[in-house]
Participant: 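Below you will find the structure I want to go over with you.
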Number of protein chains: 2
Amino acid sequence: MKMSTKGRYGVRAMVHLAVHYGQGPLPVRKIAEKMDVSAKYLDHLMTALRMAGLIRSIRKAHGGYILARSPKEIRLSEVVKVLEGSVAPVDCVDDAGACHQADFCTARDLWQRMQKAMNNVLESTTLDEMAQGQKMKWNNLI
Amino acid sequence: MKMSTKGRYGVRAMVHLAVHYGQGPLPVRKIAEKMDVSAKYLDHLMTALRMAGLIRSIRKAHGGYILARSPKEIRLSEVVKVLEGSVAPVDCVDDAGACHQADFCTARDLWQRMQKAMNNVLESTTLDEMAQGQKMKWNNLI
DNA sequence: AATTATTCCTATAGTTTTGGTAGAAAGCAG
DNA sequence: CTGCTTTCTACCAAAACTATAGGAATAATT
Ligand code: FES
Ligand code: FES
């Protein structure tokens, strides 16, 4: 039940963009530096986020990425979905055909309840909330 | 956020054992047959479940596996934990040292809420409930 | 027009995890 | 001692993950 670095890095990068929302574009290099991860790898994740319409790119010197919408209007469920795919713990939740005996399988009910529980958390959290929380943590340092 | 076949097969195998609880041991071969998966592979999972103390083996002709405790006393959280490890979506939830900046990371709060949500489902479900549900589905066929 | 900092595209590759297979040893009821 | 089962150890192929690399496109700035 682990999330890959795609989801982990991607969410954190989006929080960075949310924290700097309205302050111009943020280049991948800088985000990667702050996060202490490979910029070249983060590149790929940003591409996925861009193609999903969550961020926009400014391709030039001193360009970078900005959120496509206000942080208040981006739910974490969208971000995770782009990077990890559905949060279904097993495929038969989304597609009954994935398991042979799906119609008579109690386990499936359990997976469904798990998915619902996770989705509930992701759906009820916005990037703005996370950005606020992040700023809090930084302020407490002073 | 996918669960591997370990968790998927393992949970289903445990439900089988719960359904036949009190009716003597069930050999891996039969369980695998019912589930339509490789018996040799299921072997490994049963060994893990045995070593965790969830099932007991009877090693002889017409032997097999039985639940170590009543199905009412086995929560799904235990089963999943044995096979998938912690349900933490990322390692830093269980071990703050896993991420460099864990103390100042808002994402970690999100992962923690996700874990809690999942755990809540798994903790509040027993094997007995699943066995009852499974019997229901079968009865409805008639 | 050249410079420059950036995204964007495509390809490659090492490592780990997954999902199995194989074979033989050990236990024990009958 | 035979037959059915678990148990142990080892191995393996394919997929997924986690990158890395090199260069082309873009457009503001000089
Ligand atoms: S239907 Fe997919 S695990 Fe049972
Ligand atoms: S602390 Fe692990 S993702 Fe932030």
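The sequence lines fix the lettering, A, B, ..., with proteins before strands; numbering per chain opens at 1. Quick caveat, the model's predicted, so the values are computed rather than measured. Values below: every heavy atom of this structure, side chains too, minus hydrogens, waters and symmetry copies.
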Participant: May I have the distance from D91(B) (atom CG) to dT17(C) (atom C1'), rounded to whole angstrom?
Facilitator: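 That distance rounds to 14 Å.
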Participant: Do the side-chain N or O atoms of T5(A) get closer than 4.0 angstrom to the phosphate oxygens (OP1, OP2) of dT18(D)?
Facilitator: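 T5(A) to dT18(D) OP1/OP2: side-chain N or O found under 4.0 Å.
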Participant: Quickly work out the K2(B) NZ to dA15(D) P distance and round it to whole Å.
Facilitator: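 Rounded to the whole Å, the gap is 18 Å.
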Participant: If we ignore angles and hydrogens, is there a donor and acceptor under 3.5 Å between the side chains of R75(A) and S124(A)?
Facilitator: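 R75(A) vs S124(A): no donor-acceptor pair found between side chains.
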Participant: Can you find an N or O donor on one side and an acceptor on the other, under 3.5 Å apart, linking the side chain of R59(A) with the base of dT26(D)?
Facilitator: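 It does not, because no donor-acceptor pair links the side chain of R59(A) to the base of dT26(D) below 3.5 Å.
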Participant: Looking at dA19(D), dT5(D), dC9(C), which one has an atom nearest to any side-chain atom of K40(A)?
Facilitator: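 From the listed options, dC9(C) comes nearest.
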Participant: On DNA chain D, check which nucleotide each of K6(A) and H44(A) is closest to and give me the residue with the more 5' one.
Facilitator: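 Its nucleotide being nearer the 5' end, the pick is K6(A).
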Participant: Using whole Å, what does the distance between atom C1' of nucleotide dT26(D) and atom CZ of R56(A) come to?
Facilitator: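 Roughly 15 Å, once rounded to whole Å.
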Participant: So is K2(A) actually on top of W111(B)'s ring, under 6.0 Å and inside 45° of the axis?
Facilitator: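 Pair K2(A)/W111(B) does not count as cation-pi.
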Participant: Would you mind telling me which residue lines up with the more 5' stretch of DNA chain C, M51(A) or R8(B), judged by nearest nucleotide?
Facilitator: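 With M51(A) and R8(B) compared, the 5'-side residue is M51(A).
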Participant: When the distance from CE of M46(B) to C1' of dT7(D) is rounded to whole Å, what number comes out?
Facilitator: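 Rounded to the whole Å, the gap is 13 Å.
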Participant: When you match M3(A) and L26(B) each to their closest nucleotide on DNA chain D, which lands nearer the 5' end?
Facilitator: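 The residue closer to the strand's 5' end, by nearest nucleotide, is L26(B).
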Participant: Would you mind reading off the distance between D43(B) atom CG and dG23(C) atom P, rounded to a whole angstrom?
Facilitator: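 The distance from CG of D43(B) to P of dG23(C) comes to 15 Å, rounded to the nearest Å.
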Participant: Check whether any side-chain N or O of Y9(A) sits under 4.0 Å from OP1 or OP2 of dA19(D), and answer yes or no.
Facilitator: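 For dA19(D), OP1/OP2 do have a side-chain N/O of Y9(A) under 4.0 Å.
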Participant: Please give, in whole Å, the distance from dG20(C) P to M35(B) CE?
Facilitator: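 For the pair M35(B) CE and dG20(C) P, the rounded distance is 11 Å.
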Participant: Determine: side-chain N/O of S38(A) to OP1/OP2 of dT20(D), distance under 4.0 Å, yes or no.
Facilitator: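 For dT20(D), OP1 or OP2 has a side-chain N or O of S38(A) closer than 4.0 Å.
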Participant: Quiz question: by atom type and distance under 3.5 Å, do the side chains of Q101(A) and R12(B) form a donor-acceptor pair?
Facilitator: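 Side chains of Q101(A) and R12(B): pair found under 3.5 Å.
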Participant: For the residue pair W138(B) and F104(A), does the interplanar ring angle fall in the parallel (under 30°), tilted (30 to 60°) or perpendicular (over 60°) class?
Facilitator: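 Tilted.
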Participant: Take atom NZ of K60(B) and atom C1' of dG27(C), then tell me their distance rounded to the nearest Å.
Facilitator: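 Checked: the NZ to C1' distance equals 11 Å.
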Participant: Want to settle it: does T47(A) or A61(A) sit nearer the 5' end of DNA chain C, counting the closest nucleotide to each?
Facilitator: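 Counting from the 5' end, the first nearest nucleotide belongs to A61(A).
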Participant: Calculate the interatomic distance between R29(B) atom CZ and dC4(D) atom P; express it in whole Å.
Facilitator: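 Going from CZ in R29(B) over to P in dC4(D) covers 9 Å.
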Participant: Hydrogens and angles aside, do S4(B) and E84(B) bring a side-chain donor and acceptor to less than 3.5 Å of each other?
Facilitator: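 Yes, side-chain donor-acceptor contact under 3.5 Å.
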Participant: With a 4.0 Å limit, can you tell me whether Y65(A) has a side-chain N or O closer than that to the phosphate oxygens OP1/OP2 of dC8(C)?
Facilitator: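 Y65(A) to dC8(C) OP1/OP2: side-chain N or O found under 4.0 Å.
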Participant: Output yes when at least one side-chain N/O atom of S57(B) is less than 4.0 Å from OP1 or OP2 of dT7(D), else no.
Facilitator: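 The answer is yes; a side-chain N or O of S57(B) sits under 4.0 Å from OP1 or OP2.
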